[in-house]
Amino acid sequence: MTDNTQRGPATGPISDPELPTQYTPAAVEGALYERWVERGYFEADAKSDKPPYAIVIPPPNVTGTLHLGHAFQHTLMDALTRRKRMQGFEALWLPGMDHAGIATQNKVEQQLAEEGKSRQDIGREAFVARTWRWKEEYGGRILGQMRRLGDGVDWSRERFTMDEGLSRAVQTIFKKLYDDELIYRAERIINWCPRCMTAISDIEVDYQDDEGELVSLRYGEGEDSVVVATTRVETMLGDTAVAVHPDDERYRHLVGKRIKLPLTDRTIPVVADTHVDPEFGTGAVKVTPAHDPNDFAIGRRHGLESLTIMDERAVITAPGPFEGLDRFEARAAIVEALREQGRVVAEKRPYVHSVGHCSRCKTTIEPRLSLQWWVKVEPLARAAGDAVRDGRVTIHPKEMEKRYFDWVDDMHDWCISRQLWWGHRIPVWYGPNGEQICVGPDDEPPAGEGWTQDSDVLDTWFSSALWPFSTLGWPEQTPDLAKFYPTDVLLTGHDIIFFWVARMMMFGLYAMDKEPFHTIALTGLVRDEHGKKMSKSNPNSVDPLTWMDAYGSDAVRFTLATGANPGADVPIGEDWVKASRNFANKIWNATRFALMNGATVEGPLPDASRLSAADRWILSRLGKVVTEVDAYYDDFEFAKLSDALYHFAWDEVFDWYVELTKSVFAKGGEAAQTSRRVLGEVLDVTLRLLHPVVPFVTDTLWTTLTGRESLVIAEWPTTVSVPGAGSGAFRDEAAEAEIGLVQKLVTEVRRFRSDQGLQPGQKVPAALALDGTALAPHEDAIRQLLRLLPPGEEFHATATLPVAGASVALDLSGVIDVAAERKRLTKDLGAAEKEKADTTRKLGNEAFLAKAPEPVVAKIRTRLATAEADIARITAQLDALPPA
RNA sequence: GGGCGUGUAGCUCAGCGGUAGAGCGCCGCCCUUACAAGGCGGAUGUCGGCGGUUCGAACCCGUCCACGCCCA
């Protein structure tokens, strides 16, 4: 095919046609990547006339390093953008990182701890400065690793959620939401991590079944006593009521009374609340409004006091003997104290129940009553849901839609304040007389005595939610924003559909009035070769860099792409990466063969009338693969497109077409000239098709083959067309059938040779009877493939193999292994007889003939005819065999 | 408890109404001048169980069993 890229000297390390016999990724990848970047191939031009195609990278955590999950998603995003770039789109893949509030702050606090200091010791300003230094020094290791993987991202547009522009975006949208009364401050029960010492949102809590204890306690005295059960005994110090169901006869006499709370000098009311489940436990529950979300709700309904009995480290603050104890120490001590008073009625231990843990540090969450900032999500979430319901945004795979709807249609308000120092500080100032002012990016903060800024920062996901437009310059109306928003595809793991995807949808629709992307492609998780989950904490975790070092980035990429069935988890193992490496090497050597035999891409393809059947066959197949791969790309079927290319390249081009050209090249002349051009074409197009997935080896080979600048900026193949074969995509079913016969005959004789114990290289005299069959023009190729010698004077056929009207007679110069041959033929006969029986049965079924569609019946008839012919042929062969 | 999904060759997975497939692994022969990171040939499955629909079921329906994920 032609191309608009400029001709230039071949620049790869293999410009010498004498390529080494093995592909060495390490020798080309690093330099090749830097060349791509230096030449600006990945830099998008907002002023271009080309249609835009944009993907923003799910920003990795600034503290992170590349793991297989990144490698997987990046491979897919890279493939998508590389193809679109080749298709003539102004393709932008925008990179960057998020500031990872808690994780980054933890890193710096650890550093400080090693110096015996805390962040409080050095103060907020110094701490933030130090965190920036940490980021410059240690952060972003993943960016270098992305280069190793070959990510074709636009580094000139790299962004960081804490950089100036994105911080301005955060402040802008905060102010807008605040003014629209979609952000508010309220005292609620939040998920508190006593180790990180911050609030976290609902979805940052991981629930797991833990072994705890269930203790039943008797509150009150005599007639006025009631038994309640709890897994968190220590919270009883903060109880301000006992609740029962209003219809529960057992406790009716107690409702409205006050009973004594043990270990304290307080009495607490018994309240009736319909939310209490009379079937669960004793039907009476203790109520601790300041330390449990359900209890908080009961407290609000009954006007109960909320009594906070722990500090932010989860140390008991309630005055008395337990003050100063950690929550778990206090739990044991309080059980002991109650037991001494005879108030422990029952204990179940271990008691397995679901407990929330901080997703960052695994510490048990302590529900805590505190004053936090919230986003009122209802209108935002509804819009986010509608965008998908209305079809403006498509989720792949579709099964994930339900999960998305379940979430956005029943979303709780989002707690966005974090008690951290590293992050976007909440732009709200409090005045000396209770004033509260939200400061926009262009506003001056209030000056004067007594004004202070809110000390909290925003959830990191708050800034990540702006990513598809903040990275393009919003709130400024930049050319980038005009050109590339909305972006096209958002590709990420299904595990962050709530954390990130839904929130981008909400903020994108709110701030831009336009959904941030039209397609959400969700991937599964990377697993090991036995399907076990891979994570940093598991020993099965593999650093993709070690595999890239050993086998090349292309091998890792191809393996991941081959495993990428939509939405499904991807298992990966070293053996599979090796197999991909072998594939890259195979491509290398096939191209090497082509170059050694003068394959060329120069000039138009020869006229169809000059092409051999093999030429027409492979071009026809090539055209089909082009179509197939394109369709798979549009459906995010990376596994299928990789598989299709693997099999086309290896099974058809390398195993058959290349082998068929050998006899042509040996003979020389015009036919050889033609095949050189066809082979060049087939490799040219195949390398283009493979390039988005395995960019390094393909670009290295393609520049050598074509002498052109780079495959990165080459055109994506659309169709294969051949001069003189009519307009449009070239197809030649006749040639495909003809080569199919060649393959059948060759395979048949190979089986015979193998069964007869002939060594693969051993040459055998043979007489071919091909006249009058489609095989006639292929005698040279058949002799070459089967290593057949022309029959000499002494030729005496010892075995004759009939195939498709033709036959091959071989002179094995001696006795053939009759037993082996009989065994082979008997096996074939068995298969043919089974086929005959199966098809005869079907055709004897009148219901089948009456109801099955005609093409199906015809097909079965053909199968029967074939089976009968096979039986006749094989029987004749068996009969011709000398007796055993 | 609710929802989604998965059980197909030794392993990892495609196929989702008309002859059971791939990769890796396995067995045999071969260093045949592109490639041993290779070539050629071969073996391997009551398609989780049971029932139903259909001319026909790995595929559709019901049910049971096992496993995974999400939510509560």
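Chain A is the first sequence line, chain B the second, and so forth, proteins listed ahead of strands; every chain is numbered from 1.
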Between [options], which one does the side chain of [X] approach most closely?
{"X": "A:Phe654", "options": "B:C55, B:C13, B:A34", "result": "B:A34"}
{"X": "A:Phe848", "options": "B:G18, B:U12, B:C69", "result": "B:G18"}
{"X": "A:Asn589", "options": "B:A14, B:A34, B:U32", "result": "B:A34"}
{"X": "A:Pro571", "options": "B:C13, B:C71, B:G41", "result": "B:C13"}
{"X": "A:Lys859", "options": "B:U19, B:G23, B:A37", "result": "B:U19"}
{"X": "A:Asp755", "options": "B:G41, B:C70, B:G23", "result": "B:G41"}
{"X": "A:Lys827", "options": "B:C24, B:C30, B:A43", "result": "B:A43"}
{"X": "A:Arg751", "options": "B:A34, B:G41, B:C29", "result": "B:G41"}
{"X": "A:Arg403", "options": "B:C30, B:G28, B:C69", "result": "B:C69"}
{"X": "A:Met596", "options": "B:C40, B:A34, B:C55", "result": "B:A34"}

Whole-Å gap separating [atom2] ([N]) and [atom1] ([X]):
{"X": "A:Phe638", "N": "B:G23", "atom1": "CZ", "atom2": "P", "answer": "22 Å"}
{"X": "A:Asp838", "N": "B:C55", "atom1": "CG", "atom2": "C1'", "answer": "15 Å"}
{"X": "A:Glu401", "N": "B:C70", "atom1": "CD", "atom2": "P", "answer": "20 Å"}
{"X": "A:Asp651", "N": "B:C40", "atom1": "CG", "atom2": "P", "answer": "9 Å"}
{"X": "A:Arg527", "N": "B:C11", "atom1": "CZ", "atom2": "C1'", "answer": "16 Å"}
{"X": "A:Lys842", "N": "B:U54", "atom1": "NZ", "atom2": "P", "answer": "17 Å"}
{"X": "A:Glu748", "N": "B:G42", "atom1": "CD", "atom2": "C1'", "answer": "14 Å"}
{"X": "A:Gln762", "N": "B:C29", "atom1": "CD", "atom2": "P", "answer": "15 Å"}

[Y] and [X] side chains, donor-acceptor separation under 3.5 Å:
{"X": "A:Ser675", "Y": "A:Asp615", "result": "yes"}
{"X": "A:Trp702", "Y": "A:Asp684", "result": "yes"}
{"X": "A:Gln756", "Y": "A:Arg753", "result": "no"}

- Would you verify whether the NZ or CZ of A:Lys640 falls within 45 degrees of the ring axis of A:Tyr633 while also being under 6.0 Å from that six-membered ring's centre?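 No, A:Lys640 and A:Tyr633 do not form such a contact.
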- Is the NZ or CZ atom of A:Arg527 both under 6.0 Å from the centre of the six-membered ring of A:Trp576 and within 45° of that ring's axis? no
Please work out if [X] contacts a base, only the sugar-phosphate, or nothing of the nucleic acid, heavy-atom cut-off 4.0 Å.
{"X": "A:Thr562", "result": "nothing"}
{"X": "A:Glu637", "result": "nothing"}
{"X": "A:Ala852", "result": "base"}
{"X": "A:Lys662", "result": "base"}
{"X": "A:Lys640", "result": "sugar-phosphate"}
{"X": "A:Glu835", "result": "base"}
{"X": "A:Tyr207", "result": "nothing"}
{"X": "A:Asp410", "result": "nothing"}
{"X": "A:Pro855", "result": "nothing"}
{"X": "A:Arg750", "result": "sugar-phosphate"}

In whole Å, what separates the [atom1] atom of [N] from that of [M]?
{"N": "B:U6", "M": "B:C40", "atom1": "C1'", "value": "38 Å"}
{"N": "B:C50", "M": "B:G68", "atom1": "P", "value": "24 Å"}
{"N": "B:G45", "M": "B:U33", "atom1": "P", "value": "37 Å"}
{"N": "B:C60", "M": "B:C67", "atom1": "P", "value": "23 Å"}
{"N": "B:G21", "M": "B:A9", "atom1": "P", "value": "14 Å"}
{"N": "B:C29", "M": "B:U19", "atom1": "P", "value": "36 Å"}
{"N": "B:A14", "M": "B:G23", "atom1": "C1'", "value": "10 Å"}
{"N": "B:G10", "M": "B:G48", "atom1": "P", "value": "13 Å"}

Would you say [X] reaches [N]'s phosphate, i.e. side-chain N/O to OP1/OP2 under 4.0 Å?
{"X": "A:Gln759", "N": "B:C30", "answer": "yes"}
{"X": "A:Trp650", "N": "B:G39", "answer": "yes"}
{"X": "A:Asn565", "N": "B:C13", "answer": "no"}
{"X": "A:Arg863", "N": "B:U19", "answer": "yes"}

- Message: Between A:Glu378 and A:Arg382 (salt bridge meaning N to carboxylate O under 4.0 Å), is one present in this structure?
- Response: yes
- Query: Any salt bridge between A:Glu833 and A:Lys836, counting N to O under 4.0 Å?
  - Reply: no
Please name the nucleotide paired to [N] by Watson-Crick or G-U wobble geometry with both distances under 3.5 Å, or report none.
{"N": "B:C55", "result": "B:G18"}
{"N": "B:C67", "result": "B:G5"}
{"N": "B:G28", "result": "B:C40"}
{"N": "B:C50", "result": "B:G62"}

- Item | Base B:A36 paired with A:Gln22 side chain (donor-acceptor, <3.5 Å) |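 There is none.
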- Task: Please confirm whether any donor atom in the side chain of A:Lys402 sits under 3.5 Å from an acceptor in the base of B:C4, or the reverse.
- Result: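 For A:Lys402, whose side chain was compared with the base of B:C4, there is no donor-acceptor pair (under 3.5 Å).
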- Query: Of A:Gly761 and A:Thr24, whose nearest nucleotide on RNA chain B comes first from the 5' end?
  - Reply: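 Closest to the 5' end, via its nearest nucleotide, is A:Gly761.
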- Toward the 5' end of RNA chain B, which comes first, A:His494 or A:Ala590, by nearest nucleotide? A:Ala590
- Item | A:Asn589 (side chain) donor-acceptor with A:Asn585 (main chain) under 3.5 angstrom |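 Yes.
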- A:Trp407 and ring-ring contact (aromatic ring centres under 6.0 Å, His included): which partner among A:Trp500, A:Phe499, A:Phe498?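 Of the listed options, the one satisfying the test is A:Phe498.
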- Query: Which of parallel (below 30°), tilted (30 to 60°) and perpendicular (above 60°) describes A:Tyr646 and A:Phe583?
  - Reply: tilted
